[in-house]
Asks: 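One structure coming up, written as structure tokens, with questions to follow.
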Amino acid sequence: NPNLMIIGVPKEIKPDEKRVSVLPHLVKTIVNLGHEVIVQKGAGTGSGVNDSSYVSEGASIAKNIEEVYKRSDIIVKVKEPLDSELSLIRKSQIIFTYFHFAADAKLTKKFLKTNAIAIAYETVENSDGSLPLLTPMSEIAGRMAIQNGAKYLEGTFGGKGKLLSGVPGVEPSTVTIIGGGVVGLNAAKLAAGLGAKVNV
């Protein structure tokens with residue numbers, strides 16, 4: 001059947017990226033539609049998911065990233081392909097991931113040379129113009145910004161030894177957030193929740 005496709009899930013190779021693009025419970029939904037799912041060995045390890053969980057839902061396990069790219073019609077990733085992955089992409093293959101092309105002219109030019117099809121999660125819109133894939137990541141980014149900022153205020157990380165909340169007799173810290181979009185508002189909520197004074 002020409003409408004049936006092989007969906008490949010490679011292990012992320014970007015440094016410190018531990019996410020996996022497809023969780024096991026989603027595999028069964030894809031397989032039940034008649035498609036095939038190939039998951040690279042160890043792709044889910046960083047997210048606490050083992051290979052047997054994928055197999056029990058109907059996926060097959062590929063021994064390496066080259067096999068995933070070679071056999072798949074669609075590649076579903078989390079982060080943009082690095083140079084070593086770009087060389088594996090075939091003409092007309094569909095790559096789903098967060099590309100952020102607007103911020104990376106080099107990646108854009110290199111990807112165009114593959115003649116593959118890019119579907120960037122951050123540009124996928126609902127009929128009302130909302131961004132169902134970018135918004136949740138932006139919510140996390142805003143909250144993580146405050147968590148990490150607070151960490152680097154600690155003396156052990158070279159900061160001034162300040163608590164965002166302050167303590168009795170010591171004023172709370174002031175947090176200034178530039179931009180009031182999804183990231184900024186989530187950062188503001190968390191900073192205010194921790195007791196900081198917040199400017200947006």
Asks: In the structure I gave you, are the side-chain heavy atoms of Ser84 and Ile13 within less than 4.5 Å of one another anywhere?
Replies: yes
Asks: Do Phe99 and Asp104 come close enough that some side-chain heavy atom pair is under 4.5 Å?
Replies: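 Not in contact.
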Asks: Side chains of Asn50 and Ser53: donor-acceptor distance under 3.5 Å anywhere?
Replies: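 The answer is yes; a qualifying pair exists.
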Asks: Just do the side chain to side chain contact (heavy atoms under 4.5 Å, CB included) check on Gln93 and Ile95 with the steps written out, would you?
Replies: CA-CA 6 Å; Gln93 200 168 37; Ile95 314 294; 4.1 Å; yes
Asks: Any luck finding a side-chain donor-acceptor pair between Glu80 and Tyr98 under 3.5 Å?
Replies: no
Asks: So, the side chain of Lys41 versus the backbone of Ala62: is there a donor-acceptor pair under 3.5 Å, distance only?
Replies: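 The answer is no, because no donor-acceptor pair under 3.5 Å joins these two groups.
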Asks: Looking at Asp128 and Ser130, would you say the former's side chain and the latter's main chain have a donor-acceptor pair under 3.5 Å?
Replies: yes
Asks: For Glu139 and Val182: C-alpha separation, side-chain torsions, deciding distance, then whether side chain to side chain contact (heavy atoms under 4.5 Å, CB included) applies.
Replies: CA-CA 6 Å; Glu139 291 169 347; Val182 175; 3.7 Å; yes
Asks: Under 4.5 Å between side-chain heavy atoms, hopping through other hydrophobics if needed: is there a path connecting Ile117 to Ile75?
Replies: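 Different hydrophobic clusters.
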Asks: Mind checking the CD1-CD1 spacing from Ile74 to Ile7? Nearest 0.5 Å is all I need.
Replies: 5.0 Å
Asks: Quick check for you: to the nearest 0.5 Å, what is the distance between Ile89 atom CD1 and Thr114 atom OG1?
Replies: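 So the gap between those two atoms works out to 5.0 Å.
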Asks: As an exercise, state the distance from CG of Asn3 to CG of Leu33, rounded to the nearest 0.5 Å.
Replies: 12.0 Å
Asks: Work out which heavy atom in Tyr54 is nearest to a heavy atom in Leu23; give both atom names and the distance.
Replies: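 Here Tyr54 and Leu23 meet closest at CE2-C, 3.9 Å.
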Asks: Going by heavy atoms in the side chains, are Ile65 and Leu88 under 4.5 Å from each other?
Replies: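 A side-chain contact exists here, since the closest heavy-atom pair is under 4.5 Å.
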Asks: Counting distance only, does the side-chain N/O of His35 pair as donor-acceptor with the main-chain N or O of Met5 below 3.5 Å?
Replies: yes
Asks: Do Ile6 and Leu26 sit in one hydrophobic cluster, given that two such residues count as connected whenever their side-chain heavy atoms are within less than 4.5 Å of each other, even indirectly?
Replies: no
Asks: Do side-chain atoms of Gln147 reach the backbone of Met144 as a donor and acceptor pair under 3.5 angstrom?
Replies: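 No; zero donor-acceptor contacts below 3.5 Å.
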Asks: Would you mind checking if Glu171 and Lys197 are paired as a salt bridge, meaning a charged N to carboxylate O distance below 4.0 Å?
Replies: yes
Asks: Is the shortest side-chain heavy-atom distance between Asp73 and Ile94 below 4.5 Å?
Replies: no
Asks: State plainly whether one hydrophobic cluster holds both Ile61 and Val49, where clusters connect Ile, Leu, Val, Met, Phe, Trp and Tyr through side-chain heavy atoms under 4.5 angstrom apart.
Replies: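 Result: yes, single cluster for both.
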Asks: Which heavy atom in Leu131 sits nearest to a heavy atom in Glu122, and how many Å separate them?
Replies: CD2-O, 3.8 Å
Asks: Which pair of non-hydrogen atoms, one from Ile38 and one from Ser72, has the smallest distance, and what is that distance?
Replies: CD1-OG, 4.3 Å
Asks: Is the closest side-chain heavy-atom distance between Tyr69 and Arg90 below 4.5 Å?
Replies: no
Asks: Tell me which one of Arg19, Lys79, Lys77 satisfies salt bridge (charged side-chain N to carboxylate O under 4.0 Å, His left out) with Glu12.
Replies: Lys77
Asks: Using a 4.5 Å cut-off on heavy atoms from C-beta on, say whether the side chain of Thr123 contacts that of Glu125.
Replies: no
Asks: Output the distance between atom NE2 (His25) and atom OG (Ser56), rounded to the nearest 0.5 Å.
Replies: 12.5 Å
Asks: Check step by step if side chain to side chain contact (heavy atoms under 4.5 Å, CB included) holds for Val27 and Val22.
Replies: CA-CA 7 Å; Val27 170; Val22 176; 4.1 Å; yes
Asks: Are Met137 and Leu133 connected into the same hydrophobic cluster when the rule is that any two of I, L, V, M, F, W, Y join if their side-chain heavy atoms are below 4.5 Å apart?
Replies: yes
Asks: How close do Pro132 and Val124 get, heavy atom to heavy atom, and via which atoms?
Replies: CD-O, 3.3 Å
Asks: If I compare all heavy atoms of Ser173 with all of Leu153, which pair ends up nearest, and what's the gap?
Replies: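 Between these two residues, the closest heavy atoms are OG-CD1, 4.4 Å.
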Asks: Has the side chain of Ser92 got a donor or acceptor atom that lies under 3.5 Å from a matching backbone atom of Ala116?
Replies: no
Asks: Would you say Asn32 and Ile30 make side-chain contact, with heavy atoms under 4.5 Å?
Replies: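 With C-beta onward as the side chain, the pair stays apart.
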Asks: Where is the tightest heavy-atom contact between Ala188 and Val200, given as atom of each residue plus distance?
Replies: CB-CG2, 3.9 Å
Asks: Short question: side chain of Glu17, backbone of Lys14 - any donor-acceptor pair under 3.5 Å?
Replies: no
Asks: Using a 3.5 Å distance criterion without hydrogens, assess whether the side chain of Thr108 forms a donor-acceptor pair with backbone atoms of Phe101.
Replies: yes
Asks: Kindly say whether Leu190 contributes a backbone atom to a donor-acceptor pair with the side chain of Arg143 at under 3.5 angstrom?
Replies: no
Asks: Okay, side chain of Gln40, backbone of Val9: is any donor-acceptor separation there less than 3.5 Å?
Replies: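 No, because the side chain of Gln40 does not come within donor-acceptor range (under 3.5 Å) of the backbone of Val9.
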Asks: Are any of the side-chain nitrogens in Glu67 or Lys63 under 4.0 Å away from the carboxylate oxygens of its partner?
Replies: yes
Asks: Under a 3.5 Å cutoff, is there a donor and acceptor pairing between the side chains of Asn186 and Lys189?
Replies: no
Asks: Any chance you could lay out the side chain to side chain contact (heavy atoms under 4.5 Å, CB included) test for Phe111 and Leu86, step after step, and finish with the verdict?
Replies: CA-CA 7 Å; Phe111 191 86; Leu86 284 166; 3.9 Å; yes
Asks: Answer yes or no: is there a side-chain heavy-atom contact under 4.5 Å between Val20 and Val78?
Replies: no
Asks: Does Lys18 offer a backbone N or O that forms a donor-acceptor pair with the side chain of Ser47 under 3.5 Å?
Replies: yes
Asks: Treating Ile, Leu, Val, Met, Phe, Trp and Tyr as nodes and any side-chain heavy-atom pair under 4.5 angstrom as an edge, say whether Val37 and Ile119 lie in one connected cluster.
Replies: yes
